[in-house]
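Along the sequence shown, residues carry numbers from 1.
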Amino acid sequence: MKCSTINFTTLQSLPARFRSLLRSCARNSSLSTGKKLHAVILTSGLASSSPNTFLLNALHHLYASCGVTSSARHLFYQIPRSHKDVTDWTTLLTSLVQHGTKPSEGFFFFKEMRKEGVVLDDVAMISVFVLCTRVEDLGMGRQAQGCLVKMGLGLGVKVCNAIMNMYVKCGLVEEVRRVFCEMNERNVVSWSTLLEGVVKWEGVENGRVVFDEMPERNEVGWTIMIAGYVGNGFSREGFLLLDEMVLRFRLGLNFVTLSSILSACAQSGDVLMGRWVHVYALKGMGREMHIMVGTALVDMYAKCGPIDMAFKVFKYLPKRNVVAWNAMLGGLAMHGRGKFVLDIFPKMIEEAKPDDLTFMAVLSACSHSGLVDQGYHYFRSLESEYGTTPKIEHYACMVDILGRAGHLEEAVMLIKKMPMCPNEVVLGSLLGSCNAHGKLQLGERILQELIQMDGHNTEYHVLLSNMYVLEGKQDKANSLRQILKSKGIRKVPGVSSIYVGGNIHQFSAGDKSHPLTKEIYHALNNMIQRLRLAGYVPNTTNQVFPGSDGREGSSEEMEEKEQALFLHSEKLAVCFGHISTKPGAPLYIFKNLRICQDCHSAIKIVSKIYNREIVIRDRNRFHCFKHGSCSCSDYW
């Protein structure tokens, strides 16, 4: 009798013990141990024999917490309705938002919660706003915000912060301000979210006003403001604020802050600030550098110009994941090191599994280096050998590979065989190839399709206009430019930027706003004279003025065209670099548009006669001019 009583008591306590163990596994994300407990529960029949023990709920929480959404959802629907509470619903919603592969799953479940009359708490609403932020679904976000009002729920600080973050990502800074002003209580996250929105969408000047008003600042607020300055070219202000953060307030720079600042350096091309961060990271982390910081360093150096330094950092990283490899391969591709990318790709496969971005980098490398056969090989092997379904970005790369090499018919056939409709990137690449290879009729057809997608993109119209001029069809060229003018669409002006002395200096064509304009133009005149003596002949082919027929005209017209070429922003930036840096020091210049043929030819000669390495990053790639040649080998 006594033994029977003990066994019965033990059996009664088993579900509680399993529940406790499962909750512990959920808190510590111990999925492997949790699965073993699940197996014991199934084989013993505990869950089915004791429905009131809430073992299914505990199992559901385990899988939801560990991100196994399919198992969590399956268990959730096995729990009797009478045994489900708000926590069970919210747990699955949170798991679907954080770990689900399809955003629609989270939205569908949220709608189901409303349909079932589940009381929505702060955790549930925050999850919904996080999902809306991730996919930038403003419509669903407004609906969710409306639910809060209809249900008469008070807006807690965390919920308001989530709503503001959604509006920041969607670019509605006025809505961010409205929510912020209506908050009864604010914390440091509230202020940091407002600061992020203002810096991103209104600029650093307005952002500094918010920053100075913040009653409390953590590392996040400092990082947002510093990265905002650096990303927008205000290096000196960024350095001053960084100095204040570290020395006056004794705040350390963690891996998130360092990575954010490096990302801003990569965006603006500020290699000086990037090197400072590199030194700081080495002092704080040594050789065991955090993978996120190491990857950001690789990306920064690659995008700022010193690609060899990027590879040196990459080589000494203690650990390399797919993100680090993608940064390195993408950087090498931009610099025209296509053959080297293909040489080290097998090593990458040994260390990490390639993903979509990896193959975009590989195909881009083939495109910039004219490796047509190799590009075709990897494109055809995507699915069969690497298990990657080609996306439209991969098709765009392949079209670019074929188009650059002059295989336009093959490129057109590939577009026709695509399982999806071509987008602006695909057709824009093909139009550029038509311009390079003089395929006017095909270019006309492509432009019509591009106009349907984005009628305000001037680059496409200018390309076709230049093609008309080269074919002697000046009337059509003028007509195309007149259409743009009548619609109020203006061509994006070319701007070249260069960092000197910690400050960014920007130039547009014919710019005379710089304080050293007199010295710059004096240096320009000297440079043009030396260029002519070295055999430079201005390339006026694509230099078209209204009324010109694109052919050789009077000497006055030719002189006017040549003078316009001499005043291009790249040449002004180079001349400023000459007078503002030590002789022989490398120059790093950043152009928002594609470098023109004349500047490309001229700067090749400049690099030789001035014995300077000149690196120019245009909108497509890097051009490293050295000893009279370019890293692109004139294949661009």
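Atom CD1 in Ile528 sits 5.0 Å away from atom CG in Leu524 (nearest 0.5 Å).
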Evaluate the criterion side-chain contact (heavy atoms from CB on, under 4.5 Å) for residue pair Met309 and His278; output intermediate values, then yes/no.
CA-CA 11 Å; Met309 188 62 189; His278 190 181; 3.6 Å; yes
Test log, rule side-chain contact (heavy atoms from CB on, under 4.5 Å), inputs Tyr521 and Leu572
CA-CA 8 Å; Tyr521 275 76; Leu572 294 177; 4.1 Å; yes
Going through the distances and angles, do Ile614 and Lys626 end up as a side-chain contact (heavy atoms from CB on, under 4.5 Å)?
CA-CA 7 Å; Ile614 303 172; Lys626 200 172 183 179; over 6 Å; no
Let me see the working for Leu258 and Tyr280 under side-chain contact (heavy atoms from CB on, under 4.5 Å), right down to the final yes or no.
CA-CA 9 Å; Leu258 292 172; Tyr280 184 95; 3.8 Å; yes
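Using a cut-off of 4.0 Å between Lys/Arg side-chain N and Asp/Glu carboxylate O, Asp400 and Arg404 are scored as salt-bridged.
Between the side chain of Asn592 and the backbone N or O of Pro493 there is at least one donor-acceptor pair closer than 3.5 Å. Under a 3.5 Å cut-off, the side chain of His623 and the backbone N or O of Cys632 do not form any donor-acceptor pair. Judged purely by atom type and a 3.5 angstrom limit, Asp618 has no side-chain atom pairing as donor or acceptor with the backbone of Lys591. Side-chain N or O atoms of His335 include one that pairs as donor or acceptor with a backbone N or O of Ala302 at under 3.5 Å.
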Output a table of donor-acceptor pairs, distance under 3.5 Å, between side-chain atoms of residues 203-210 and any protein atom two or more places apart or on a different chain; print 'none' if there are none.
unit_1: Asn206; atom_1: ND2; unit_2: Glu202; atom_2: OE1; d: 3.2
unit_1: Arg208; atom_1: NE; unit_2: Asp212; atom_2: OD1; d: 3.0
unit_1: Arg208; atom_1: NH1; unit_2: Tyr229; atom_2: OH; d: 3.2

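Of all non-hydrogen atoms in Val199 and Gly228, the two that sit nearest each other are CG1-CA, 3.9 Å. Contact record, Tyr536 with Ala602: CE1-CB, 3.8 Å, taken as the closest heavy-atom pair. Taking every heavy atom of both residues into account, Ile504 and Gly233 meet most closely at CG2-O, 3.1 Å.
Checked against side chain to side chain contact (heavy atoms under 4.5 Å, CB included), Ala436 has no partners two or more places apart in sequence or in another chain. The ring pair (Phe, Tyr, Trp, His ring centres under 6.0 Å) search around Tyr167 returns none, not counting sequence neighbours.
Under a cut-off of 6.0 angstrom, the local environment of NZ in Lys200 is crowded, with over 12 non-hydrogen atoms contributed by other residues, nucleotides or ligands. In Lys604, the NZ atom is crowded: over 12 heavy atoms of neighbouring residues, nucleotides or ligands sit closer than 6.0 Å.
Screening Asp343, Leu342, Val341 for a side-chain contact (heavy atoms from CB on, under 4.5 Å) with Leu332, the sole residue that qualifies is Val341.
Geometrically, Arg530 engages Tyr610 in a cation-pi contact, judged by NZ or CZ lying under 6.0 Å from the ring centre and within 45° of the ring axis.
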